[in-house]
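Just below is one structure, and these are the notes that go with it.
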Amino acid sequence: MSRFIARTVLVTGGGRGIGRATCLRLASEGAAVAVADRDIEPAREVVKEIAATGRTAVALQADVTQAQAVRTLVADAEKALGPLHILVNNAAATSATTIETTGEADWDVEFDVTLRAAYLCMKAVLPGMVERGKGTIVAIGSVNGRVYVGNPAYSAAKAGLVMWVKAMAVEYGPKGIRTNLVSPGSIRTENRSWTERMERDPQIFEKLARWYPVGRVGTPEDIAAAVAYLASDDASFVNGAELVVDGGLTAGMGPFVQEING
Ligand code: NDP
């Protein structure tokens, strides 16, 4: 497929995990990609991978919780690639697993990177997109924003992101900008949470598979495919949607069903 020929995209947290897979997927379909991350090295590695396929990409360093850094990031991305057609709001992190262990600093950090950074990035790309009357924004949510599965501050911030995306869809849809959300289930990445859980239990993903009606946890590529759909013209009538990509985890409670059916 080549749905993103002559399109430019900025992916936050593009150096690792789901962000990396999204950069590779969009580039494989023709996009010129600005790979943004807090740490420039992983972003540079992704740029190398993209360049090896003959596509265009640039690595940019930015902490997306900082307003000025985000404005500079968008300006630098547009300087390198031209006007941005697509924003993928992906960077996020969580560490506090329970309410008891959620200190004030954890709350602030998790809300900043999950929700405030999304607000900052969207606000930064909007003027250009509005001027051109065209743009597409995809935010990465989580099943944590739908049902409680731990990490309360992060979950509350992800739930807030769902409403922010709806607000964007309603206010900016008339200006030619579509905003949607992909909500992944457990995705096998090396993010901080999964690394800690893997250290405790190397079989964690295999154990979690029983909760997933499809019999496995997800891959970054599963999410990248959903992002690519929402960012593409295939989704030109999709605006303000939450696309849940969780193998059926939140469709019901499989182990509960097995229990009551005996
Ligand atoms: P990773 O940690 O693998 O990748 C996220 C990237 O974002 C990292 O490179 C990270 O840098 C970067 N980042 C973090 N904070 C900032 C910041 N302030 N500014 C710029 N970059 C930053 O995460 P995943 O790929 O697992 O997750 C990606 C998205 O998917 C997130 O929104 C997450 O909430 C969501 N998600 C993931 C799930 C999963 O099971 N993996 C499930 C549901 C949703 P650094 O490594 O330095 O922190």
Side-chain angles (χ1 to χ4, degrees), residues 10-25 34-47 59-70 72-74 77 87-97 108-121 124 138-147 149-151 153-162 164-165 181-198 204-205 208-209 211-212 216-224 226-227 242-247 249-250:
L10 170 61
V11 181
T12 70
R16 299 187 219 271
I18 291 168
R20 170 183 168 275
T22 299
C23 291
L24 295 174
R25 173 66 191 249
V35 185
D37 216 298
R38 181 159 60 176
D39 185 358
I40 192 77
E41 272 317 310
R44 285 196 178 126
E45 288 304 312
V46 175
V47 167
L60 298 168
Q61 189 279 329
D63 177 346
V64 289
T65 64
Q66 303 302 312
Q68 188 51 51
V70 169
T72 304
L73 170 66
V74 170
L87 167 68
V88 181
N89 222 115
N90 165 74
T94 176
S95 55
T97 54
D108 288 346
V109 167
E110 296 193 21
F111 266 75
D112 274 0
V113 67
T114 306
L115 197 48
R116 188 165 185 275
Y119 151 76
L120 291 174
C121 292
V138 182
I140 307 298
S142 173
V143 290
N144 285 66
R146 301 171 54 78
V147 293
V149 285
N151 296 60
Y154 167 81
S155 302
K158 288 289 190 187
L161 189 56
V162 175
W164 182 260
V165 163
L181 181 89
V182 175
S183 289
S186 305
I187 307 299
R188 197 184 275 263
T189 68
E190 291 170 5
N191 72 21
R192 195 182 315 151
S193 305
W194 286 124
T195 301
E196 282 169 14
R197 291 176 192 133
M198 283 285 279
I204 183 74
F205 287 119
L208 288 177
W211 290 91
Y212 283 82
R216 65 171 177 90
V217 301
T219 64
E221 290 71 26
D222 289 326
I223 305 308
V227 173
E242 179 180 11
L243 177 50
V244 181
V245 184
D246 71 349
L249 175 73
T250 58

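Since we're looking at a predicted model, the values are computed, not measured. All ligand and atom numbering here is 1-based and tracks the order in the structure.
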- Task: Measure across Ser183 and Glu242 and return the closest heavy-atom pair with its distance rounded to 0.1 Å.
- Result: OG-OE2, 2.6 Å
- Query: Counting only N and O atoms by type, is there a donor-acceptor contact under 3.5 Å from the side chain of Asn90 to the main-chain atoms of Thr12?
  - Reply: yes
- Query: Does ligand 1 have any atom that is closer than 4.0 Å to a heavy atom of Gly185?
  - Reply: yes
- Item | Test item, Arg20 contacting ligand 1 (heavy atom, 4.0 angstrom) | no
- Item | Proximal ligand 1 atoms for Ala91, defined as those under 4.0 Å from one of its heavy atoms | 7 (O), 13 (N), 21 (N), 22 (C)
- Item | Atom indices of ligand 1 within 4.0 angstrom of Tyr154 heavy atoms, with elements | 33 (C), 34 (O), 35 (C), 36 (N), 44 (C)
- Message: Evaluate Asp222 against Arg216 for side-chain contact (heavy atoms from CB on, under 4.5 Å), listing each step before the verdict.
- Response: CA-CA 12 Å; Asp222 289 326; Arg216 65 171 177 90; 2.8 Å; yes
- Item | Nearest atoms (heavy-atom pairs only) where Ala91 meets Gly13 | CB-N, 3.8 Å
- Query: Can a non-hydrogen atom of Gly141 be found less than 4.0 Å from any atom of ligand 1?
  - Reply: yes
- For Phe111, does the CZ atom have more than 12 heavy-atom neighbours from other residues, nucleotides or ligands under 6.0 Å away? yes
- With only distance considered, is Lys158 within less than 3.5 Å of ligand 1 through an N or O on each side? yes
- Would you check the N or O atoms of Ile18, main chain and side chain alike, for any that come under 3.5 Å of an N or O of ligand 1? yes
